[in-house]
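Notes for the one structure printed next.
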Amino acid sequence: MKNTIGIFVLCSISLVQGQHKKSMNTNATIDQKVEALLQQMTLEEKVGQMNQYNGFWEVTGPAPQSGDAQRKYEHLKKGWVGSMLTVRGTKEVRAVQKIAVEETRLGIPLIIGFDVIHGYKTISPIPLAEAASWDMEAIKRSAQMAADEASASGINWTFGPNVDIARDARWGRVMEGAGEDPFLGSCVATARVKGFQGETKADLAKANTLAACAKHFAGYGFVEAGKEYNTVDMGNATLFNTVLPPFEAAQKAGVRTFMNAFNILNGVPATGSTFLQRSLLKGKWGFDGFVVTDWASIREMMNHGFAQDGAEASQKAVTAGADMDMESHLYVKELVGLVNNGKVKESLIDDAVRRILRVKFELGLFDDPYRYCDPKREKQTVGSAAQKAIALDMAKKSIVLLKNENQLLPLPQSGKKIALIGALAADDNSPLGSWRIAADDHTAVSVVTGMQRYKGNTLVYAKGADLTVGKTTFIDELVFNTTDTSGFVEAIQVAQNSDIVVMVLGEHGFQTGEGRSRTQLDLPGVQQALLEAVYAVNPNIVLVLQNGRPLALPWAAEHIPAIVEAWHLGTTSGDAIASVLYGEYNPSGKLPMTFPRNVGQCPIYYNYHNTGRPANTDNNVFWSHYSDVDKSPQWPFGFGLSYTQFTYSKPLMKKNVYSKGESIEVEVTVTNTGSRAGVEIVQLYLQDIAASLSRPVKELKGFERIELQSGASKTVTFTLNDSSLGFYDNEGTYHVEPGFFNVFIGTNSQEVKAVQFELR
Ligand code: NOJ
């Protein structure tokens, strides 16, 4: 996969130039240093800082043209490259950094970006799964762990977190965000930014943190019909109240970079959107980091019909506020000419370069450009036992128990014959999920291996059927139309001779992620047929799902007694799953995205607006529904069971009338009425009953993760304030309006108890 040819030849010249250092006042502030450096730069060198190239081996977008690699080396040596992506490893990063620092006139170090989305070498659960933990400390630790590993391997900038809110499970990238809710999404965005970058701005200068990147700005999660890269057309109510809040949360948490998006938003490509990048992000929100484009998204503005050639695309992108060109290769080609012919003001170039240099200074790259290139640290850190322990904790917390009839789970630890069925049960690659470029293939713990660690039962494995035909990689289209059912006979026999059957079914890790939209949300291939064939001989089935998006599995939901949502959990997947199946870990995850009954219900989400005809009161057809399926989802947002049970008191408020600006407290007492300790995620939803704009039927405004021993109770107090009560109007202005509000508290978005108050 990797080809390092060429790097070392090019590194043999080691002239220490770094002119800027001679005039650098070490006591100056970062902004003064940036200004001093900017003054020394030629226009070509400035534009060079705005140019980012992919490395020389893996690609995460359309393949490069021929001659590309050679041109990149040449530009690197001229100082016309500000950043590289997907270069990894201390040796490789040092090699390219050395060219930038030692062979160019000013010696400005590169910022090295990488898609550290859910881990680097040690892979954490996919972000959607992590969001299911509702555990912000664990999510932060998982990001810290990834930052620790990636930074030890030469990288100093991650293209994460993805904070795209998504409501349509057909979109392959739902695996990469925190689900459908802007409040949960904002909390997760904050946790991930702090995990990658550290708690304070000063932490960015540590050698074990990464600059983070909030993406994709904005609206990408709303591609029409869930089809990848598709058009986005959305009203301002959704944009301001649903899509933008997690981005603003990331900005408030101090995220140093943003990535714009491939999609058009109401006719304007996000990459060319002055409204998004200049007015909102850099204007109203005061963001002083930089914006990188998505892969070739400047060039793609021509396909969108927004620019007729590369020059116009570059002009529009830079004017709109896109600071760094990822792989369009257009800024480096066009910007100098555009400035010289007066079409782009040099002040725009200066603004972009200031922002890029600022982040490089903050990272400490000018103090020591090789600070991320210590092979000893790389060896000690990458893939260490400590990293795996963090990934395992995260993986257990991400699992959601969807059904557990007659307490089939947890499994007895001894004396049983257990059949383990399904290609995914023995798969040690798929659980690594989609964004795992730096991980070694086949390094996940499979469910078979995880369960084998429990010796008390007899375990017999049968594959049943293959999941895919042909190769499964990050860039190849996968083939799932396998029709081979010849393995069913063995699976049926094994099931017949067992007390309990554990079936591991779902999607391959590479069936989700970028470029992997689906029109079906079923079990790919012949897995559904396998499930039904096994059920016919032994219905005592625990179905373990591995998938990167909500699936629609109505038959399984009705017939299978126990269902565990185990996503793509990363390196330690099988260990986490086994510990939940055997009851060593009591599951506590809650769905961050609604699971539909069928694909036709998509997009489906809990915080919808009421229609004028929300319910059938007269037993006729004139109400908002589908004629062929129940209106409710299969499993709602926030849903997840435990091996114990919790009861909720009625929510209590001290008063029923409050004034604007006042803190409003709501209390609820939760009791563990089951026989074992467990964790519950107590959820608070709010409804502004009548407002100047229609408000959703419910909006998550608080949650708390509590641990309770059997029989114990805890009173949880939520505090609501203006930031919980208001909403954005269609011009983007935030309002808190007087009137009546419903507060709902409960174990998921559907099972809640209500209390009402008035705001005056
Ligand atoms: C395209 C993806 O949309 C983006 O999220 C990613 O960071 C870049 N490729 C770089 O790999």
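Index from 1, following the sequence. What's counted below: heavy atoms across the whole structure, side chains too, no hydrogens, waters or symmetry copies. Just follow the structure's listing: the first ligand is 1, and inside any ligand the first atom is 1. Since we're looking at a predicted model, the values are computed, not measured.
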- Apply side chain to side chain donor-acceptor pair (under 3.5 Å) to Ser83 and list each qualifying residue two or more places apart in sequence or on a separate chain.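 Result, side chain to side chain donor-acceptor pair (under 3.5 Å) vs Ser83: Gln52.
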- Query: By side-chain contact (heavy atoms from CB on, under 4.5 Å), which residues pair with Lys140, not counting sequence neighbours?
  - Reply: Glu137, Gln144, Ala191, Lys194, Glu199
Considering only heavy atoms of [X], which atoms of ligand 1 have at least one such atom less than 4.0 Å away?
| X | answer |
| --- | --- |
| Phe159 | 7 (O) |
| Met259 | 4 (C), 7 (O) |
| Lys215 | 4 (C), 5 (O), 6 (C), 7 (O) |

- Is Arg173 close to ligand 1, meaning an N/O of one under 3.5 Å from an N/O of the other?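 It does: an N or O of Arg173 is found under 3.5 Å from an N or O of ligand 1.
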- Any N/O of His216 closer than 3.5 Å to an N/O of ligand 1?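 Yes; at least one N/O pair falls below 3.5 Å.
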- Message: Between Trp157 and Phe290, is the ring pair (Phe, Tyr, Trp, His ring centres under 6.0 Å) condition met? List the steps.
- Response: CA-CA 12 Å; Trp157 176 25; Phe290 70 89; 5.1 Å; yes
- Task: Record the part of Leu85 in heavy-atom contact with ligand 1 below 4.0 Å; permitted values are side chain, backbone, both and neither.
- Result: side chain
- Salt bridge check: are Glu312 and Lys316 linked by an N-O gap of less than 4.0 Å? yes
- Could you tell me whether Glu92 and Arg88 make a salt bridge, using a distance below 4.0 angstrom between a side-chain N and a carboxylate O?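 Looking at Glu92 and Arg88, the cut-off is not met.
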- Message: Among all the protein's non-hydrogen atoms, which is closest to atom 7 (O) of ligand 1, and how far away is it?
- Response: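 Protein heavy atom with the smallest distance to atom 7 (O) of ligand 1: Asp115 OD1, 2.6 Å.
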- For atom 8 (C) of ligand 1, closest protein heavy-atom neighbour: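 Result for atom 8 (C) of ligand 1: Asp294 OD1, 3.4 Å.
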- Glu378 and Ser153: side-chain donor and acceptor closer than 3.5 Å? yes
